[in-house]
There are 2 protein chains.
Amino acid sequence: MVMARRSTDDPQVPHGSPSDGPRHRGKTGGGTGGGRRRLTAEDWAAAALAAIGEGGLAAVAVEPIATRLGTTKGSFYWHFANRDALVDAALERWEQLHTEAVIRTVEAEPDPERRLRGLFAHASAASAADPLEVSLLATAAEPRVAAALRRVTDRRVGYVAGLFAALGFPAAEARRRGLLAYTAYLGHTQLGHAVPESLPGGTDRDRYLDSVIDTLLCRG
Amino acid sequence: MVMARRSTDDPQVPHGSPSDGPRHRGKTGGGTGGGRRRLTAEDWAAAALAAIGEGGLAAVAVEPIATRLGTTKGSFYWHFANRDALVDAALERWEQLHTEAVIRTVEAEPDPERRLRGLFAHASAASAADPLEVSLLATAAEPRVAAALRRVTDRRVGYVAGLFAALGFPAAEARRRGLLAYTAYLGHTQLGHAVPESLPGGTDRDRYLDSVIDTLLCRG
DNA sequence: GTTTGACCGTACGGTAGCGTATGGTCATGG
DNA sequence: CCATGACCATACGCTACCGTACGGTCAAAC
């Protein structure tokens, strides 16, 4: 009948700010940099997100992640009530880092067509290195994953459709092209991760991306 | 030191033909139709493929599948050496059923543009019902899955690029558009499975597909 | 300098799945 | 009518992981 001493339900953060003071140990301090510091819930969430990228949602396993963090389950069950709470934290982290942050960056560019090209370039480069989204798409059966996917998809498709609208397409057509662009991005990510040699590499890569955008902007 | 009595390495089929005579039990026969018949390796492979669709590669677990087939592990380890052999069989089955068979069907249509539209319509409908490909894409880390994906991708992209070439596009441009079309298909599959409400439904669906093909065929 | 509380280590029991061993059943062939 | 072999059931040991219980440690508060 003993519950976890701190659950993630109360949204306040343990210390003052994220990635706070180290609270390092006395004698074991001074390692090579990844040394023995006390962990925060955010450290666990980041590690869980990395694990999703490498092995899918099934890789969010407490004991292996604890090993990778150089700690034990005792730490985990202090910060989280159970494995599900860790999954929730990882998903929330993903929503913030991989959608809002990217849109903020792209918004710095004033010209809509350059925003679109910049977004494609960024997305193409980022997705090639990180199989995270592929893993998440594959776990849409999990309700919490599905909810996060729905929010992220709405936000992204809406943003891209807005770009096409800003480029002069009527609303319905802008929505269609935005959806086509986003599905092409998703498929591109899949291929880049599963069969990278099927995608144009080297100098062909930029030419291919330009050609895709030209096709998507083509008025016929 | 005892190995499996029949491994899948010898490619011959137990009985004369696939889905052969029932060899039903004596007293327990006469069930409702899914009754107690002896199983073949193909039955196991089909069940494993269904399991991949529902729960990813991790769902290819001997005991749960045995339960679903109404049998036990004892049957499985008669037909297969181990779990890996079952995965191989399922992948081989997927390659045959979800690529070659579809292309054969589409090839019946003489006009290339109608072939393209028919292929899109078929793929869009089939993928909405079956999350199988999503699961497979997410497991590209497994070498055997990656190999199957490479073969299937090459075949499909090559076929679609051939359609664009037949429609008059020069080879390099046909390849680019074929790749774009295939990535759009993959992304469409993802969305249809993860966030179905983000895709046009009802009567908008056909309009959307037409619009996508128009965009892909647009000469600009 | 003791106390407190945040944080971690470790031992334990439970479950799911893999693979093995071995015996049971039934149809066919002699 | 028994022997053979294809096919299945069951019990077993092994490993990985979940979640719990509880004791240990260290820094700050007093």
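Note on naming: letters A, B, ... go to the chains in the order of the sequence lines (proteins, then strands), and numbering restarts at 1 for each one.
Spacing between atom CZ of A:F80 and atom C1' of C:dC8 amounts to 15 Å, rounded to whole angstrom units. Atoms NZ (B:K73) and P (D:dC12) sit 13 Å apart, rounded to a whole Å. Rounded to whole angstrom, the span from the CG atom of B:L86 across to the C1' atom of C:dC18 amounts to 13 Å. Look at CH2 on B:W78: it is 10 Å from C1' on D:dC8, rounded to the nearest Å. Across the protein-nucleic acid pair, A:L69 atom CG and C:dC8 atom P stand 10 Å apart, rounded to whole Å. Distance CG (B:L39) to P (C:dT25): 19 Å, rounded to an integer number of Å. The nearest whole Å value for the distance from the CZ atom in A:F76 to the P atom in D:dC17 is 14 Å. In this structure, A:R38 places its CZ atom 11 Å from C1' of D:dG24, rounding to the nearest Å.
A search for salt bridge (charged side-chain N to carboxylate O under 4.0 Å, His left out) contacts involving B:R117 returns B:E113, B:D210, B:D214, not counting sequence neighbours. In this view, A:Y182 and A:Y185 satisfy the ring-ring contact (aromatic ring centres under 6.0 Å, His included) rule, not counting sequence neighbours. Residues passing the ring-ring contact (aromatic ring centres under 6.0 Å, His included) test with B:F164, sequence neighbours excluded: B:F169. Residues meeting the salt bridge (charged side-chain N to carboxylate O under 4.0 Å, His left out) test with B:E92, sequence neighbours left out: none.
Here the side chain of B:T71 is nearest to one of D:dG19, C:dC8, D:dA9, namely D:dA9. In this structure, of C:dC8, D:dT20, C:dG19, it is C:dG19 that holds the atom nearest to the side chain of B:N82.
Taking only side-chain nitrogens and oxygens, B:R83 comes nearer than 4.0 Å to OP1 or OP2 of C:dC18. Residue A:H79 places no side-chain N or O under 4.0 Å from the OP1 or OP2 atom of C:dA6.
Distance alone, capped at 3.5 Å, places no donor-acceptor pair between the B:T71 side chain and the B:T67 backbone.
A salt bridge (Lys or Arg N to Asp or Glu O under 4.0 Å) check over residues 44-53 of chain A, counting only residues at least two apart or in different chains, returns nothing.
Electrostatic pairing of B:R68 and B:E54 counts as a salt bridge here, judged by a charged N lying under 4.0 Å from a carboxylate O.
For residues 46-67 of chain B, proximity to DNA chain C is found at B:V60, B:A61, B:V62, B:E63, B:P64, defined as any non-hydrogen atom under 4.0 angstrom from a strand atom.
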